[in-house]
K.L.:
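A single structure is presented below for examination.
Atom set for the values below is all heavy atoms of this structure, side chains included, hydrogens, waters and symmetry mates excluded. We number each residue from 1, following the sequence as shown.
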Amino acid sequence: MAERDDSELEPSARTGSEPSARAGSGESSGPRAHEPYRPRARDVVLAAVFVCGWLIPLTISAYHGGAPESWPMHARDLYSVSCLFGTESDRVSVFYVQVRREHSRGWETVEESQYFELEPFGHRNRFDRFMARFGYMDSQSAEAARAEFARWIAARESEGDASGGVVIAVRYLWLDVDLDGDPQGCWRKPDLADLPPGTKRRRLGEVVPISAEDRARGGSR
């Protein structure tokens, strides 16, 4: 009996396997394979938001060297490179502490620099840093911190100048000082008496009454 040649079956076997291979690979010869790609509506919206909301404003800011002044402040900061010192300030906040003595009806401004000679923050001492942290706040913790500092100041002032009377009350003032032109040299906080008469003065919190016990407690710190 003659043996069959396996090579004669290979073409038909390969021919029969090609359709199954194409079917397994997911290839289709139907009309859907020739349809053009259409982006989804969601992708179009996201691309438009990116171009109009970020790319174009950033290009405008880069061309002009900064965001236009007509834009809102938050938008100018958003499209700035570093968001640091985007605009110059035309005023600066300063703080003062005043005391009222036993035999005086007026308020006396304390020169706090005599108690805080070290200036580790440029020309700002620890009093300026303390007020920058607790001066703007109306919380109970800020009120307590200012009251504690008032007792300490009252004890120092009562010890330093007993002839003028002991301190019976302390208050804090907050002022916004206008900067006229470019500052010359090293800027320092101006004296309260040297400010223009129209400068608005705001009191921070309530007046802190000082008792003899408070002065003794403040002097022990």
Side-chain angles (χ1 to χ4, degrees), residues 73 77 83-180 182-221:
M73 181 181 64
D77 293 340
C83 296
L84 295 175
F85 310 107
T87 56
E88 63 181 358
S89 177
D90 57 352
R91 63 177 57 94
V92 61
S93 297
V94 292
F95 303 93
Y96 300 89
V97 57
Q98 292 184 322
V99 298
R100 174 175 287 179
R101 298 186 181 275
E102 187 176 14
H103 303 295
S104 176
R105 299 181 59 182
W107 290 95
E108 175 186 341
T109 303
V110 176
E111 183 60 38
E112 72 276 351
S113 60
Q114 61 181 323
Y115 303 117
F116 305 99
E117 298 180 357
L118 183 62
E119 297 179 343
F121 313 102
H123 291 293
R124 294 179 299 173
N125 51 37
R126 292 184 64 86
F127 170 77
D128 299 320
R129 293 296 299 170
F130 175 85
M131 296 306 298
R133 180 178 180 182
F134 297 106
Y136 301 98
M137 301 172 59
D138 294 330
S139 61
Q140 294 182 356
S141 59
E143 288 284 351
R146 290 196 296 264
E148 182 179 3
F149 183 76
R151 289 190 291 267
W152 186 86
I153 283 289
R156 302 284 83 76
E157 286 290 310
S158 299
E159 293 173 357
D161 189 8
S163 60
V166 296
V167 175
I168 60 174
V170 177
R171 73 175 183 178
Y172 301 95
L173 296 181
W174 169 24
L175 291 82
D176 286 335
V177 179
D178 294 331
L179 299 176
D180 298 330
D182 296 332
Q184 302 295 326
C186 299
W187 188 89
R188 288 182 179 273
K189 180 173 66 176
D191 294 334
L192 187 60
D194 297 336
L195 294 176
T199 305
K200 184 178 180 180
R201 303 183 181 188
R202 286 168 287 184
R203 190 184 68 192
L204 291 174
E206 301 295 332
V207 175
V208 182
I210 304 297
S211 62
E213 181 182 355
D214 292 333
R215 289 189 294 270
R217 185 168 53 180
S220 63
R221 295 179 183 273

K.L.:
Mind checking what makes side chain to side chain contact (heavy atoms under 4.5 Å, CB included) contact with Ala145, not counting sequence neighbours?
P.N.:
Phe130, Phe134

K.L.:
Looking at Gln98, is its backbone amide N or carbonyl O close enough to the side chain of Tyr172 to form a donor-acceptor pair, meaning the two atoms are under 3.5 Å apart?
P.N.:
no

K.L.:
Quick check for you: to the nearest 0.5 Å, what is the distance between Ile210 atom CD1 and Trp152 atom CH2?
P.N.:
13.0 Å

K.L.:
Run the side chain to side chain contact (heavy atoms under 4.5 Å, CB included) test against Ala132 and tell me which residues pass, sequence neighbours left out.
P.N.:
none

K.L.:
What distance do Tyr96 atom OH and Thr109 atom OG1 have between them, rounded to the nearest 0.5 Å?
P.N.:
8.5 Å

K.L.:
Look up atom NZ in Lys189 and atom CZ in Phe127, then write down how far apart they are to the nearest 0.5 Å.
P.N.:
5.0 Å

K.L.:
Could you measure the distance from the CD atom of Glu206 to the CZ atom of Arg146? Nearest 0.5 Å is fine.
P.N.:
9.5 Å

K.L.:
Do the charged groups of Arg156 and Glu112 touch, with an N to O distance under 4.0 Å?
P.N.:
no

K.L.:
Holding to salt bridge (charged side-chain N to carboxylate O under 4.0 Å, His left out), I want the full list of residues that pass it with Arg201, two or more places apart in sequence or in another chain.
P.N.:
none

K.L.:
Could you tell me whether Glu148 and Arg151 make a salt bridge, using a distance below 4.0 angstrom between a side-chain N and a carboxylate O?
P.N.:
no

K.L.:
Could you list the residues that satisfy salt bridge (charged side-chain N to carboxylate O under 4.0 Å, His left out) with Arg171, not counting sequence neighbours?
P.N.:
none

K.L.:
With sequence neighbours left out, what residues match Gln140 under side chain to side chain donor-acceptor pair (under 3.5 Å)?
P.N.:
none

K.L.:
Does Arg101 pair with Glu108 as a salt bridge, N-O distance under 4.0 Å?
P.N.:
yes

K.L.:
So, Glu157 versus Tyr115: side-chain donor-acceptor pair below 3.5 Å or not?
P.N.:
yes

K.L.:
Can you spot which of Asp176, Leu175, Leu173 makes a side-chain contact (heavy atoms from CB on, under 4.5 Å) with Arg202?
P.N.:
Asp176

K.L.:
I'd like to know if the side chain of Arg203 reaches the main chain of Gly205, judged simply by a donor and an acceptor atom lying under 3.5 Å from each other, with no hydrogens or angles considered.
P.N.:
yes

K.L.:
How many angstroms lie between CZ in Phe116 and CG in Asn125, if you round to the nearest 0.5 Å?
P.N.:
7.0 Å

K.L.:
In chain order, what residues pass the side chain to side chain contact (heavy atoms under 4.5 Å, CB included) check against Arg105, with sequence neighbours excluded?
P.N.:
none

K.L.:
Side chains of Asp128 and Phe95: closer than 4.5 Å at any heavy-atom pair?
P.N.:
no

K.L.:
Does the side chain of Val207 come within less than 4.5 Å of Trp107's, by heavy atoms?
P.N.:
yes

K.L.:
Less than 4.5 Å apart, side chain to side chain, heavy atoms only: is that true for Leu192 and Val94?
P.N.:
no

K.L.:
Before you tell me yes or no, could you show the steps for Leu204 and Met131 under side chain to side chain contact (heavy atoms under 4.5 Å, CB included), namely the whole-Å CA-CA distance, both residues' side-chain angles and the distance that decides it to 0.1 Å?
P.N.:
CA-CA 10 Å; Leu204 291 174; Met131 296 306 298; 3.4 Å; yes

